[in-house]
Amino acid sequence: MENNKISGAEAVIRCLLEEGVDLVYGYPGGAIMPVYDELYKFKDQLHHVLVRHEQGATHAAQGYARATGKVGVAIATSGPGATNLVTGIADAQIDSTPIVCITGQVGKHLLGSDAFQETDIIGISTPVTKWNYQITEASEIPEIIAKAFYIARTGRPGPVLIDITKNAQFDKIDFSYKKCTGIRSYNPRPTLNLEKVKEAADLINTAKKPYIIFGQGIILGEAEAELKALIEKSGIPAAWTILGLSALPTDHPLNVGMLGMHGNYGPNLLTNECDVLIALGMRFDDRVTGNLATYAKQAKVIHFEIDPAEIDKNVKTTVAVLANVKEALTALIPLIEKKSHDSWHNEFKEKYKIELEAVINEELAPTVGGISMGETIEMINKHSKGDAIMVSDVGQHQMFACRYAKFNSTKSNITSGGLGTMGFALPAAIGAKMGRPDREVVAIIGDGGFQMTIQELGTIFQTKVPVKIVVLNNEFLGMVRQWQELFFDSRYASTIMTNPNFVAIAEGYHIKSKKVTKREDLDAAVAEMLASKDSYFLEVMVEKENNVFPMIPTGASVSEMRLS
């Protein structure tokens, strides 16, 4: 682009357009007003979505990023606007979600003076961003924004925050933009060591009970086809973390289920019986490993990972392959011998039969009590046929959704994993649907989490984004209540919820709504919701004191999983 003097604020918008951004979420205020003035002028090229709270902007940007694989963008003003972004930024950091947040800041001459709505957002956000930077001169804007997008999307993705002082938004610069393609001392794509790949292949080929556990790295690295090719050639059973869910179709015969505290019985128990454990794009989170002192001690561990900080952090490896997982698996597959491991698979099948009888049958088709969360998810499966994106909040409903949802394609399960942010699902579903208007998007939310970002119903009303919202209402903070029942002698301290009329609230935002209290009404209500061309709110009154099982108690080994 030829040199022409433009304001720093206009430069911000032009930088976003150069990065291919066509959708941003935000909330205006004094210190970011020059950028909003330019947004108004560019509204035909860059669509801005006015959320009702800045936390909603970051979660919507996350939902957009997770559903599309692109970088999500959120904008806020200084002070409280910036601090309201922090929860979503922290969530994006721990779940490796690429978002760029742009905040306004008081003028350079006022920095450090406790001016109106001045907050040190750089200091506050440093622990929860992949990178952050404060721009105090307009001339810095193009280079810093180019770096922000490069850092957010490359390597292990994550959130970047750029804080721009008001003077930098007003001052004029000669604008030119050059995309960032590299930064000295930042190596986002480690060089693949083929010797390590060969070592991994040798271990896999001689294993009697090999076991693959995969995480979101498969989705972020776009290695779904390679994962499928590896397991089909090797015959190795594969289990997933909740963020890895949907990288492999749920009904694939080698998909053995979910890892972790509320995962499937076999995948957890047999972790401590495999002889070679192959971890692909997952970080051995404590919710997956349980007690590290007893985790997979019998196994040789192969870890495919892009972030060197995760290697040997929690679980000591026999072979570490530090690389982009797609590149690494592409090199590994030709070295793998074709096998079936039938007797090993039978062990998973036997454990599944135990779980089916002890837990699953009653959860999906209850013979006593009210509607269960599991049967609600199963009803959504029936009508979505596994083609919907499910965005779950945090709590019991999240575990039921992850355990029982059916998915045919990748990027279909969007939830808050590492941070466990209640209030995530409603705004994240907005972002997911805007990013993928071609797909059905269903938010699964508890009555507690729903009220943390309930104001984003206003965003749905204003934008007419056709998301489907299912609130599973047990009138409790259910997951905390479950722990109180099991480990605190049923002392339900501050977990009983006295809820408002959710249907009346949704209807106040002109969203079509229905409440289901009887099992016989559930099928028709879910069918009506999914058939709707517009947004739809469905409240399902579920069994008040239903528990998620199986369960690994905190501090216990994966071998000590409880079925009841």
Side-chain angles (χ1 to χ4, degrees), residues 197 199-218 223 226-245 247-250 252-261 263-285 287-292 294-305 310-311 314-321 325 328-329 332-333 335-355 550 552 557-561:
V197 175
E199 286 178 42
D202 290 344
L203 280 178
I204 292 166
N205 288 334
T206 55
K208 296 284 185 282
K209 292 184 173 184
Y211 183 25
I212 287 170
I213 57 177
F214 64 90
Q216 192 189 197
I218 295 292
E226 288 75 13
L227 170 67
K228 189 165 176 281
L230 172 64
I231 65 169
E232 288 176 355
K233 185 176 183 183
S234 66
I236 300 175
W240 36 268
T241 68
I242 65 167
L243 294 190
L245 173 54
L248 187 67
T250 317
H252 192 287
L254 295 172
N255 183 340
V256 294
M258 174 174 159
L259 296 162
M261 179 174 277
N264 292 111
Y265 192 54
N268 282 292
L269 259 64
L270 295 175
T271 302
N272 279 1
E273 294 185 28
C274 67
D275 56 357
V276 174
L277 186 65
I278 306 129
L280 305 175
M282 56 83 70
R283 59 188 179 86
F284 291 111
D285 174 73
R287 286 289 164 114
V288 163
T289 64
N291 185 349
L292 281 168
T294 58
Y295 182 79
K297 292 302 175 187
Q298 79 296 339
K300 293 184 167 68
V301 177
I302 304 167
H303 195 178
F304 287 77
E305 174 59 52
E310 295 296 345
I311 300 286
N314 294 328
V315 173
K316 295 297 176 214
T317 54
T318 311
V319 178
V321 182
V325 71
L329 292 183
L332 176 71
I333 291 164
L335 306 179
I336 295 299
E337 296 168 5
K338 189 158 181 64
K339 293 189 178 178
S340 60
H341 296 292
D342 291 338
S343 60
W344 177 223
H345 276 287
N346 285 335
E347 293 190 40
F348 284 90
K349 288 173 184 169
E350 288 303 315
K351 294 287 189 287
Y352 181 73
K353 279 184 201 163
I354 294 168
E355 184 180 351
I552 303 168
S557 162
V558 289
S559 302
E560 299 172 286
M561 190 164 219

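Because the structure is a prediction, the values reported are computed rather than measured.
- Note: L245 CG to T250 OG1 = 6.0 Å, rounded to the nearest 0.5 Å.
- In this structure, L332 and I204 have side chains that are in contact, with non-hydrogen atoms separated by less than 4.5 Å.
- Residues V301 and K316 come closest through the heavy atom pair CB-O, 3.8 Å.
- The minimum heavy-atom distance between N255 and G257, with the atom names listed, is OD1-N, 3.1 Å.
- In this structure the side chain of I231 reaches within 4.5 angstrom of the side chain of H252, judged on heavy atoms.
- Expressed to the nearest 0.5 Å, how far CG of L248 lies from CG of L254 amounts to 8.0 Å.
- Inter-residue side-chain proximity for Q216 and T241 is flagged as unmet; no heavy-atom pair is nearer than 4.5 Å.
- For the residue pair S559 and L269, the shortest heavy atom distance occurs at O-CD1, 4.2 Å.
- Of the possible polar contacts, none joining the K208 side chain to the D275 backbone as a donor-acceptor pair under 3.5 Å is found.
- The minimum heavy-atom distance linking G244 with F214 is given by the pair O-CE1, 3.4 Å.
- Nearest heavy atoms, V319 versus A200: CG1-N, 4.2 Å.
- Ring geometry, H345 versus F348: the interplanar angle falls from 30° to 60°, so the pair is classed tilted.
- For the pair W240 and P267, the minimum side-chain heavy-atom distance is 4.5 Å or more.
- In K228, the NZ atom is not crowded: 12 or fewer heavy atoms of neighbouring residues, nucleotides or ligands sit closer than 6.0 Å.
- For the pair L329 and I218, the minimum side-chain heavy-atom distance is below 4.5 Å.
- Rounding to the nearest 0.5 angstrom, the gap separating the NZ atom in K209 from the CD1 atom in I236 is 14.5 Å.
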Checklist line | side chain to side chain contact (heavy atoms under 4.5 Å, CB included) evaluation trace for I212 with L280 | finding: CA-CA 7 Å; I212 287 170; L280 305 175; 3.7 Å; yes
Notebook entry, point to check: After noting the C-alpha distance and the side-chain angles of V276 and I302, does the key distance pass the side chain to side chain contact (heavy atoms under 4.5 Å, CB included) rule?
Noted result: CA-CA 7 Å; V276 174; I302 304 167; 3.7 Å; yes
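- The shortest distance between side-chain heavy atoms of E199 and D202 does not fall below 4.5 Å.
- Under the 4.5 Å side-chain criterion, counting only non-hydrogen atoms from C-beta, V315 is in contact with L292.
- Shortest non-hydrogen contact noted between I336 and K233 is O-CE, 2.8 Å.
- The number of heavy-atom neighbours closer than 6.0 Å to NZ of K300, taken from other residues, nucleotides and ligands shown, is 12 or below.
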Checklist line | Verdict with supporting geometry, L277 and F284, side chain to side chain contact (heavy atoms under 4.5 Å, CB included) | finding: CA-CA 12 Å; L277 186 65; F284 291 111; 4.2 Å; yes
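- Looking at heavy atoms from C-beta onward, S557 lies in side-chain contact with N272 at the 4.5 angstrom threshold.
- A donor-acceptor pair is defined here as one N or O able to donate and one able to accept, closer than 3.5 Å; no such pair exists between the side chain of N314 and the backbone of D285.
- The backbone N or O of K351 sits nowhere less than 3.5 Å from a side-chain atom of N264 that would complete a donor-acceptor pair.
- Distance check: F304 CZ to I278 CD1 gives 8.0 Å after rounding to the nearest 0.5 Å.
- A distance-only check finds a donor-acceptor pair linking the side chain of Q298 to the backbone of C274 [under 3.5 Å].
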